[in-house]
Amino acid sequence: MLKLVLLVVVVQAVLSRARTAPKVNLDDVHFLLWTRSNPGNTSYYELFLDNKENLDASPFNPSDPTFVMIHGFAAHGDRDWPVDAKTELLALGSYNILSVNWARLANAPWYPAAVNHVPQVGIYTAQLLDWLKFEGGMDGSKVQITGHSLGAHVAGAVGQNLVAFTLPMITGLDPAGPEFYEKTASERLDPSDAKFVQIIHTNGGTILQSCVGLKDSVGHVDFYPNGGKHQPGCVDYGAWTDLLEGGCSHRRSHDLWVESISGSLSFTSYPCEDWESFQAGNCDSCGQGCLEMGFHVDHSLRGTYYLTTNSDSPYARG
Ligand SMILES: *[C@@H]1O[C@H](CO)[C@@H](O)[C@H](O)[C@H]1NC(C)=O
């Protein structure tokens, strides 16, 4: 099924520039909340914008950091990596974990429609976060967002549209490439969307290269594990198998990020101009500083960073 979906996406992106008129029903956007009081995979509590009674009855704790996750195209907010990350985060500390479930507006195979929905979902999520700050007393200095694929661009739209506070951090996991190479910075994730924007590129390139992520650096720091184009274990039978294997390299970005949460093994990354120099061994010193990619990233450094990983979990090489 996923393979078929990806094929259809490829065909759409290559052949069609036709845009469907945006038809957005924001009731199709759901805000799912997990905390240490309701940690079970399916025991999320749904928050509703402007429903204070519901918020007061919820396990939301305004003094805890709030962690927001946004899934991508043909994905869901109540399963897969957001649930994996929820489990890891709650093992680490007491958080409000919010997953933006916009699956019905991001459903396959209508990629151009999903792209059109990105700004509205971002604005709506920004309204929820502003409201959580004003009405719920949420600490805006302890909010961060992680988005995968199209969800990374939604995260950018959230940061851009917040009025109650400036977003401290966005992590963009292989931000979607198709249709976004042509967009301006304000129409995609960019460094102005948060105080600190970290990008993990795992499938950056063009569709014809079997890539669906942006390869350009679009954050304050951009990590390129294994060169950022194809990941080990995803292209054993040639580049095309990457997309046919369900977007293997594209999905690797969230696997790496989820693994980074526990911090048990570090993704040490080296400042470098490009992958060729890194492979040639020209970047094996830390220069201004090495960086740990992922959840525990240092916010003070800037630039592009390279690293290698294993082809299977655990991916980090310590
Ligand atoms: C909950 O999700 C985690 C991570 O995705 C998984 O390892 C675990 O088995 C799930 N638990 C249950 C009870 O399904």
Side-chain angles (χ1 to χ4, degrees), residues 1-3 5-6 29-47 58-61 64-104 106-108 125 143-152 154-155 169-174 198 200 202-203 213 225 231-234 245-267 292-297 309-318:
M1 176 59 190
L2 195 51
K3 292 179 189 182
V5 162
L6 279 157
V29 182
H30 301 276
F31 302 110
L32 316 180
L33 171 71
W34 284 278
T35 71
R36 278 188 166 177
S37 312
N38 61 321
N41 291 353
T42 56
S43 54
Y44 50 78
Y45 186 101
E46 186 168 355
L47 295 180
S58 81
F60 182 80
N61 184 344
D64 282 341
T66 297
F67 204 99
V68 183
M69 288 182 281
I70 311 180
H71 67 81
F73 177 65
H76 299 81
D78 60 353
R79 63 195 82 157
D80 305 325
W81 72 269
V83 170
D84 298 344
K86 172 274 299 173
T87 304
E88 293 295 321
L89 286 162
L90 291 179
L92 197 69
S94 190
Y95 289 94
N96 302 303
I97 313 246
L98 275 175
S99 178
V100 180
N101 193 358
W102 62 297
R104 290 195 62 177
N107 62 350
T125 303
V143 180
Q144 61 168 288
I145 306 182
T146 292
H148 175 241
S149 189
L150 271 189
V154 177
M169 175 169 174
I170 292 175
T171 298
L173 303 174
D174 210 35
Q198 152 181 237
I200 300 178
T202 53
N203 190 216
Q231 299 304 309
C234 292
E245 292 300 323
C248 179
S249 291
H250 189 48
R251 286 186 285 114
R252 185 65 58 82
S253 59
H254 56 65
D255 296 342
L256 300 178
W257 180 75
V258 169
E259 186 183 309
S260 79
I261 293 170
S262 78
S264 54
L265 282 171
S266 79
F267 287 98
E292 192 174 327
M293 179 183 81
F295 185 75
H296 299 280
V297 66
T309 72
N310 300 323
S311 58
D312 234 311
S313 171
Y315 296 101
R317 294 184 154 170

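These values consider heavy atoms only, across backbone and side chains, with no hydrogens, waters or symmetry-generated copies. As the structure is a computational prediction, the values presented were derived from the model and not from experiment. Read the numbers this way: they start at 1 and go in the same order the structure lists the ligands and their atoms.
Under a 3.5 Å cut-off, the side chain of His250 and the backbone N or O of Gly213 do not form any donor-acceptor pair. Between the Gln231 side chain and the Asn203 main chain, no donor and acceptor come within less than 3.5 Å of each other.
Residues satisfying the salt bridge (Lys or Arg N to Asp or Glu O under 4.0 Å) test with Arg317, not counting sequence neighbours, are none.
The residue from Asn96, Ile97, Ile145 that alone fulfils the side-chain contact (heavy atoms from CB on, under 4.5 Å) condition with Thr66 is Asn96.
Residues of the protein with a heavy atom under 4.0 Å from ligand 1 are Asn41, Val83, Asp84, Thr87, listed by chain and number.
His71 and His76 get closest at one heavy-atom pair: CD2-C, 3.4 Å. Across all their heavy atoms, Trp34 and Gly77 have their closest contact at CH2-O, 3.9 Å.
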